[in-house]
Chemist: 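A single structure is presented below for examination.
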Amino acid sequence: MWNDATAMAEAVRQKQVSAKELVLAAIDKIERLNPQLNAVVSKQYDQALAQAEQPICANKPFSGVPILLKDLGQNEAGQPSTAGARLLQGYRAKETDYLVARLKELGFITLGRTNTPEFGFKNISDSSLHGPVNLPADLGRNAGGSSGGSAAAVASGMVPLAMASDGGGSIRIPASFNGLIGLKPSRGRLPVGPASYRGWQGASSHFALTKSVRDTKHLLYHLQTYQVEAPFPLATLPAEALFTRPSRPLKIAYSYQSPIGSPVSPEAQAAVSKILPLLELLGHQVEELPNYPLDGIQVMKSYYLMNSVETAQMFEEMEQGLGRRLTSDDMEMMTWALYQSGQTIPAKLYSKLLQNWDNYSAQMAAFHQTYDLLLTPTVADVAPLHGQFALPEDVVHRLKHIQELSMEAQQDLIWDMFAASLAWTPFTQQANITGQASISLPTYARADGLPIGLQFTAAKGREDLLLRLAEELEEASAFVG
């Protein structure tokens, strides 16, 4: 009856429905749909119902709206926090993250946590702890990652929006596969801490998967913060930037090509070509790029170096807490490989990597002096089949012995380990490294109904441009589903 969180909150304020009724309806949907989808991995229904019984505060923008959190980096004291990892099975968070505390202040009622791959390393959700997340539109396909559980929950109608995070496309990729809106905010836009402030050196950021632009816009406006103690503080967007639409046309560069030179399906290319006439009709200028402004392969190699070092540091802390050394039996093979490779990378190389990231950010800032937005497919094809990215036996054998290799050989093996899945989703990672705002919009579906999103990327801090265009496309009935 209420098609998004904004409508639900207004209905609660107008006493057309109670928060308890909304929570009970969401619980019913989760219980009916989750056995098929495997989207929700922990539930806190009693706590949610107790919160729903409390008097509703009318000045909270999302009072009474049921929500799901991602089971990765969105901690609430006393609630499960497994990160999709066998190593953390049964672990409960000791403190509440600032982001989660802010969601409570906005009036949301948390029902539980959603499925994610182990430590969020994959673009699909298939952890050995919780199992795969099925795409609601085709149960034989994966809902994507690492926010696959949240995407399946929203796409199936369990909740109007669900929290997610994006360290290399983990909001935008499942948004594309599930026909949702997926905004990755700029670095520094949302509150971080106290457990983690940097989040993969600023590559990772949190937000939500939604079905309406107004939900996306209102949630961003109310969650954003200028956090002076954080490593990447960013000035907040004023209300007029988000809610007043300027008349200036946008200059949009577009590309059909993968930044790493991998194949892009005809359907993903068609998603771009189909939208170009509408963009021009809306008054915007579109121009095809002959080449990407950054070297995509160089950028991705730096990304895998970062993954390796950050994983090694994470497990060193875990070893100190557990009082023992970790082994390959404690984790999935991909995780083990990143862990081992991170121990061979010298500090001087990591320092140079971070300098390179700053240079990439500067290059993209210069690019956006000419172009307001960069348009690409979000992904190279529709949601993959379950098992599609299973590693070849020779790669698995090499991974088991990765600690015997040189640093250079380890990084070559990491590239091989991710090669098939990266080729499926090569467009999203650059915005994480540069800290830019980027969004996937559900504007295309192939003949069988499976969607492929369009990705628009703006300069750091310019979510207002993304949401302005998203609203125009939504009003022009360009969204599918």
Chemist: If you measure from the Lys or Arg side-chain nitrogens to the Asp or Glu carboxylate oxygens, is any gap between Glu463 and Lys217 under 4.0 Å?
Modeler: no

Chemist: Just do the side chain to side chain contact (heavy atoms under 4.5 Å, CB included) check on Ser302 and Asn356 with the steps written out, would you?
Modeler: CA-CA 8 Å; Ser302 78; Asn356 289 341; 5.8 Å; no

Chemist: Taking atom CD of Glu316 as the centre, does the number of heavy atoms from other residues, nucleotides or ligands within less than 6.0 Å exceed 12?
Modeler: no

Chemist: We want to know whether Gln201 and Glu310 form a side-chain donor-acceptor pair, criterion being a heavy-atom distance below 3.5 angstrom.
Modeler: yes

Chemist: Given Leu223 and Phe207, is the side chain to side chain contact (heavy atoms under 4.5 Å, CB included) satisfied, shown in steps?
Modeler: CA-CA 9 Å; Leu223 278 180; Phe207 195 58; 4.2 Å; yes

Chemist: Please assess Glu317 against Gln313 for the test side chain to side chain contact (heavy atoms under 4.5 Å, CB included), listing each intermediate value before the final yes or no.
Modeler: CA-CA 7 Å; Glu317 285 191 8; Gln313 185 273 334; 2.7 Å; yes

Chemist: Could you tell me which residues satisfy side chain to side chain contact (heavy atoms under 4.5 Å, CB included) with Ala458, sequence neighbours excluded, listed by chain and number?
Modeler: Leu373, Arg462, Leu466

Chemist: For the side chain of Asn115 and the backbone of Asn38, is there at least one donor-acceptor N/O pair under 3.5 Å apart?
Modeler: yes

Chemist: Do side-chain atoms of Asp372 reach the backbone of Lys251 as a donor and acceptor pair under 3.5 angstrom?
Modeler: yes

Chemist: Could you check whether any side-chain N or O of Glu474 sits under 3.5 Å from a backbone N or O of Ala470, counting only pairs where one atom can act as donor and the other as acceptor?
Modeler: no

Chemist: Would you call Glu267 and Arg446 a salt bridge, using N to O less than 4.0 angstrom?
Modeler: no

Chemist: Please name all residues satisfying salt bridge (charged side-chain N to carboxylate O under 4.0 Å, His left out) with Asp412, sequence neighbours left out, ordered by chain then number.
Modeler: none

Chemist: Just verifying a value: how many Å separate Glu287 CD and Tyr254 OH, rounded to the nearest 0.5 Å?
Modeler: 9.0 Å

Chemist: Could you list the donor-acceptor pairs under 3.5 angstrom formed between side-chain atoms of residues 129-136 and any protein atom two or more places apart in sequence or on another chain?
Modeler:
residue : atom : partner : partner atom : Å
His130  : NE2  : Thr82   : OG1          : 3.1
Asn134  : OD1  : His386  : NE2          : 2.7
Asn134  : ND2  : Gln36   : O            : 2.6

Chemist: Counting only N and O atoms by type, is there a donor-acceptor contact under 3.5 Å from the side chain of Thr335 to the main-chain atoms of Met331?
Modeler: no

Chemist: Are the side chains of Asp4 and Lys211 in touch, meaning some heavy atoms are under 4.5 Å apart?
Modeler: no

Chemist: For the pair Ser341 (side chain) and Leu338 (backbone), establish whether a donor and an acceptor sit closer than 3.5 Å, ignoring hydrogens and angles.
Modeler: yes

Chemist: Sequence neighbours left out, what passes side chain to side chain donor-acceptor pair (under 3.5 Å) with Ser156? Give chain and number order.
Modeler: none

Chemist: Any side-chain donor-acceptor pair under 3.5 Å between Ser170 and Ser165?
Modeler: no

Chemist: Not counting sequence neighbours, which residues clear side chain to side chain contact (heavy atoms under 4.5 Å, CB included) with Ala230? List them please.
Modeler: Val192, Tyr197, Gln227

Chemist: List the atom of Gly461, the atom of Asp464, and the distance in Å for their closest heavy-atom pair.
Modeler: O-OD1, 4.0 Å

Chemist: Minimum heavy-atom separation for Ser81 to Asn75, with atom names?
Modeler: OG-OD1, 2.6 Å

Chemist: Looking at every heavy atom in both Ala337 and Leu399, which two are closest together, and how far apart are they?
Modeler: CB-CD2, 3.5 Å

Chemist: Look only at the side chain of Thr116 and the backbone of Ser146, and say whether a donor-acceptor pair between them is shorter than 3.5 Å.
Modeler: yes

Chemist: Mind checking what makes salt bridge (charged side-chain N to carboxylate O under 4.0 Å, His left out) contact with Asp295, not counting sequence neighbours?
Modeler: none

Chemist: Less than 4.5 Å apart, any side-chain heavy atom of Met158 and any of Leu33?
Modeler: yes

Chemist: Not counting sequence neighbours, which residues clear ring-ring contact (aromatic ring centres under 6.0 Å, His included) with Tyr339? List them please.
Modeler: Phe315, Trp336

Chemist: Assess the side chains of Thr344 and Gln410: does a donor N or O sit below 3.5 Å from an acceptor N or O?
Modeler: yes

Chemist: So, using side chain to side chain contact (heavy atoms under 4.5 Å, CB included) as the criterion, who are the partners of Pro259 when residues are at least two apart?
Modeler: Tyr292, Pro426, Phe427, Gln430

Chemist: Indicate whether any N or O donor in one side chain lies under 3.5 Å from an N or O acceptor in the other, for Thr434 and Trp357.
Modeler: no

Chemist: Once you measure the plane-to-plane angle for Phe119 and Phe121, does it fall in the parallel (<30°), tilted (30-60°) or perpendicular (>60°) bin?
Modeler: tilted

Chemist: Given 3.5 Å as the limit, does a donor-acceptor pair link the side chain of Asp138 with the main chain of Gly140, or not?
Modeler: yes

Chemist: Mark yes or no for whether His401, through its side chain, and Glu404, through its backbone, hold a donor-acceptor pair below 3.5 Å.
Modeler: no

Chemist: Between Ser147 (side chain) and Ala164 (backbone), is there a donor-acceptor pair under 3.5 Å?
Modeler: no

Chemist: For Ile181 and Ser212, which heavy atoms make the closest approach, and how far apart are they?
Modeler: CD1-C, 3.5 Å

Chemist: Relative to the ring of Tyr304, is the ring of Trp415 parallel (under 30°), tilted (30 to 60°) or perpendicular (over 60°)?
Modeler: perpendicular

Chemist: Once ring-ring contact (aromatic ring centres under 6.0 Å, His included) is applied, do any residues pair with Phe479, and if so which ones, sequence neighbours excluded?
Modeler: none

Chemist: In this structure, which one of Arg172, Arg189, Lys184 forms a salt bridge (Lys or Arg N to Asp or Glu O under 4.0 Å) with Asp166?
Modeler: Arg172

Chemist: Using 30° and 60° as the class boundaries, would you call the ring planes of Phe389 and Trp424 parallel, tilted or perpendicular?
Modeler: perpendicular

Chemist: Say whether Ser255 and Gln257, considering side chains only, have a donor N or O and an acceptor N or O under 3.5 Å apart.
Modeler: no

Chemist: Heavy atoms only: give me the nearest Ser361-Arg187 pair and the separation to one decimal.
Modeler: OG-NH1, 4.5 Å

Chemist: Given side chains that start at C-beta, do those of Leu441 and Ile439 come closer than 4.5 Å, heavy atoms only?
Modeler: yes

Chemist: Within a strict 4.5 Å, meaning less than it, do heavy atoms of the Ile414 and Met417 side chains meet?
Modeler: yes

Chemist: Quick one: list whatever passes salt bridge (charged side-chain N to carboxylate O under 4.0 Å, His left out) with Asp97, sequence neighbours left out.
Modeler: none

Chemist: Take Arg113 and Lys70 through the side chain to side chain contact (heavy atoms under 4.5 Å, CB included) test and state the conclusion after the steps.
Modeler: CA-CA 5 Å; Arg113 277 160 180 73; Lys70 182 178 179 179; over 6 Å; no

Chemist: Is it the case that Asp215 and Thr210 place a side-chain donor and acceptor less than 3.5 Å from each other?
Modeler: no

Chemist: Over all heavy atoms of both residues, which pair between Val264 and Pro377 is shortest? Give the atoms and the distance, please.
Modeler: CG1-CG, 4.4 Å

Chemist: With sequence neighbours left out, what residues match Lys122 under salt bridge (charged side-chain N to carboxylate O under 4.0 Å, His left out)?
Modeler: Asp126, Glu332

Chemist: Kindly indicate whether the side chain of Gln285, heavy atoms from C-beta on, has any atom under 4.5 Å from the side chain of Leu279.
Modeler: no

Chemist: Sort out for me which residue in Asp381, Thr378, Asn123 forms a side chain to side chain donor-acceptor pair (under 3.5 Å) with Thr425.
Modeler: Asn123

Chemist: Tell me, please, which residues at least two apart from Pro346 pass side chain to side chain contact (heavy atoms under 4.5 Å, CB included).
Modeler: Lys348, Leu349, Met407

Chemist: Any donor and acceptor pair, going by atom type alone, linking the side chain of Asp330 with main-chain N or O of Leu326 inside 3.5 Å?
Modeler: no

